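Worth saying up front: this structure is predicted, and the values here are computed from it rather than measured.
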Amino acid sequence: MRAGLLQALSSIGILVFSVCTMLAVGLSHTLREILGPLRDSRGAIRALVTNFVLVPLLAYGVLQVVPLDRSHASGFMLLGTAAGALFLVRLTAVAGGNMPLSASLTVLLMLATVVYMPLVVPLVVPDVRVRPAAIALPLLWTMILPLGAGLSVRARHPTLAERLRPRLGKLAMGALAVLVAATLVANFGGVVRIIHTGAIFAPLILIPGAFAIGWVFGREYRGGHVVLGLGTGQRNIAAAMVVATQGMGDQNAEVMVVVSSLVGFAVLFPIAWFLARRGRRQRPLRHGGMVRA
């Protein structure tokens, strides 16, 4: 009974979190702003290559160094293939980075994830037989359609959009808290197992490595090394959880996704704070002719 309730709360949490977050993104931007990254084809290609080629390769390489069981490896690879983190805007704000770029990059990577995961996940996730449609449809219903609805409301009723956006943001964060808590409590033994077996070292390697990849490749992306670094390091928990819950139904994979995501927060928020302090120290010097680091 208790396990069933917690599982239901987890499922409701990921649904509400995904839908509310995507609605809020749509309510916050115009279609022109959403399509902004596509105007810089070189920058867009860099972002796509780092997130959908280099990071999945890094995740695969980590699995060769940190052996995981099949379920944990599946959840880990889901995180490695899911880009377009919904927390990028918040991370960028903490770091004092380029906010419009972070919003546009989030949407670009998120849309690419919806196309990419159904094609790649069945090939790279160990011993999982999932039809591409089983992955694509949940992502479509929980991410793309709410985004389109939000864009439509903003275009037709901008005042209403401004009123709804902060409320949806708070609801999304509450749903995320419920999702994380319910998943961790329902699978406490699995969380302990991830720590005890050393599986937690996999995300501890992947997240900083992905950040470094994005930082290096983002230095020519309109000065967006901070944004691309944080956006590449923070993987898309919503997309990974949607696939884990609706496309696979593997609780151990779900726990691995949640634990890896918490590792991402623990690693990337301190990095964002450090970048903000570094930027504040260097800002007065820039007026004296210092080139951006």
Side-chain angles (χ1 to χ4, degrees), residues 1-25 68-69 71-80 82 84-91 93-94 106 110 138-139 141-143 146 165-204 206-207 230 233-273:
M1 179 75 175
R2 179 185 174 188
L5 176 61
L6 291 172
Q7 186 62 37
L9 286 174
S10 178
S11 299
I12 293 172
I14 187 59
L15 177 63
V16 174
F17 171 65
S18 300
V19 171
C20 288
T21 300
M22 295 310 301
L23 274 171
V25 171
L68 307 179
D69 64 27
S71 293
H72 291 155
S74 297
F76 182 70
M77 286 305 300
L78 286 181
L79 210 67
L86 304 176
F87 293 100
L88 175 56
V89 174
R90 179 58 184 163
L91 281 168
V94 171
T106 297
M110 198 158 37
L139 294 176
W141 290 112
T142 61
M143 303 185 81
R165 182 174 53 81
R167 298 176 184 177
L168 286 170
K170 293 178 181 178
L171 184 57
M173 294 306 296
L176 176 64
V178 171
L179 163 66
V180 172
T183 303
L184 292 179
V185 172
N187 301 277
F188 182 75
V191 175
V192 173
R193 184 179 170 209
I194 288 175
I195 298 173
H196 179 71
T197 61
I200 196 169
F201 286 108
L204 282 172
L206 176 68
I207 302 301
L230 294 171
Q234 181 63 63
R235 311 308 291 165
N236 192 333
I237 180 177
M241 283 296 290
V242 166
V243 175
T245 56
Q246 301 187 35
M248 294 169 53
D250 188 331
Q251 289 189 346
N252 288 327
E254 296 172 29
V255 175
M256 189 65 186
V257 170
V258 170
V259 171
S260 299
S261 298
L262 293 177
V263 169
F265 300 150
V267 170
L268 293 173
F269 271 105
I271 289 177
W273 288 323

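Side-chain contact between C20 and K170 is absent, with no heavy-atom pair separated by less than 4.5 Å. Side-chain contact between L171 and V16: present, with at least one pair of heavy atoms (C-beta onward) separated by less than 4.5 Å. No side-chain heavy atom of R193 sits less than 4.5 Å from a side-chain heavy atom of V255. Q234 places a side-chain heavy atom less than 4.5 Å from the side chain of F265. The closest side-chain heavy-atom distance from S260 to L206 is not below 4.5 Å.
Remark: side-chain polar atoms of R165 are not paired, donor with acceptor, to backbone N or O of A24 under 3.5 angstrom. Between the side chain of N236 and the main chain of G84, a donor-acceptor pair closer than 3.5 Å is present.
Taking CG of L68 as the start and OG1 of T197 as the end, the distance is 7.5 Å to the nearest 0.5 Å.
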Inset, instruction - Check the pair F17 / I237 against side-chain contact (heavy atoms from CB on, under 4.5 Å), numbers first and verdict last. - result: CA-CA 10 Å; F17 171 65; I237 180 177; 4.1 Å; yes
Inset, instruction - Apply side-chain contact (heavy atoms from CB on, under 4.5 Å) to V259 and V191, showing your working. - result: CA-CA 7 Å; V259 171; V191 175; 4.2 Å; yes
Legend entry - Step-by-step side-chain contact (heavy atoms from CB on, under 4.5 Å) determination, L78 to M241: CA-CA 8 Å; L78 286 181; M241 283 296 290; over 6 Å; no
Inset, instruction - Run the numbers on I200 and H72 for side-chain contact (heavy atoms from CB on, under 4.5 Å), then give the verdict. - result: CA-CA 10 Å; I200 196 169; H72 291 155; over 6 Å; no
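Smallest separation of non-hydrogen atoms from L268 and G233: CD1-C, 3.5 Å. Nearest heavy atom pair, residue I207 against residue V263, reads CG1-CG1, 4.4 Å. Here the closest non-hydrogen pair linking P146 and V19 is CB-O, 3.7 Å. Between G80 and R235, the shortest heavy-atom contact is O-NH2, 3.0 Å. Scanning both residues, A244 and E254, for their nearest heavy atoms gives CB-CG, 3.8 Å. Closest approach of V257 and G75 over heavy atoms only: CG2-O, 3.5 Å.
Within 6.0 Å of CZ in F269 there are more than 12 heavy atoms belonging to other residues, nucleotides or ligands.
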